[in-house]
Amino acid sequence: MFIRCTTTRTKKTGETYKTFRLVESERIDGKVKQHTLLNLGRYFDVPKPQWKSLSNRIDQLLTAQTDW
């Protein structure tokens with residue numbers, strides 16, 4: 001699980017902006033597949049050095065919920 005920053009361009013004005021997503025990778029039939037778990041939006045202001053610890057903590061919380 002990791003946080004991805006994606007640069008996007010608007011169709012109307014051509015202005016670029018960044019969006020942030022929480023993404024999970026898994027291997028299916030020998031190929032790596034990635035899917036978005038959570039869209040964090042345009043105004044995600046957590047400093048990049050903390051992204052890994054944040055994604056690890058979210059993973060811990062999600063794993064704890066499935067153990068019930």
> When rounded to the nearest 0.5 angstrom, what distance separates CD1 in Ile58 from CD1 in Ile3?
Replying inline: 6.0 Å

> Which of these, Glu26, Glu24, Arg4, sits in a side chain to side chain donor-acceptor pair (under 3.5 Å) with Gln34?
Replying inline: Arg4

>> Please determine whether residues Trp51 and Val23 belong to a single hydrophobic cluster, defined as Ile, Leu, Val, Met, Phe, Trp and Tyr linked transitively by side-chain heavy-atom distances below 4.5 Å.
In response: no

>> Quick check: is Phe2 connected to Val46 through a chain of hydrophobic side chains (ILVMFWY, heavy atoms under 4.5 Å apart)?
In response: no

>> Minimum heavy-atom separation for Cys5 and Lys18, please, with both atom names.
In response: SG-CD, 3.5 Å

> In Å and rounded to the nearest 0.5 Å, what is the CD to OG1 distance from Glu15 to Thr8?
Replying inline: 11.0 Å

> Between Arg9 (side chain) and Thr16 (backbone), is there a donor-acceptor pair under 3.5 Å?
Replying inline: no

> Between CD of Gln60 and CE of Met1, what distance do you get to the nearest 0.5 Å?
Replying inline: 10.5 Å

>> Parallel, tilted or perpendicular: which one describes the rings of Phe44 and Phe20, with boundaries at 30° and 60°?
In response: tilted

> Counting only heavy atoms not in Tyr43, do more than 12 fall under 6.0 Å of its OH?
Replying inline: no

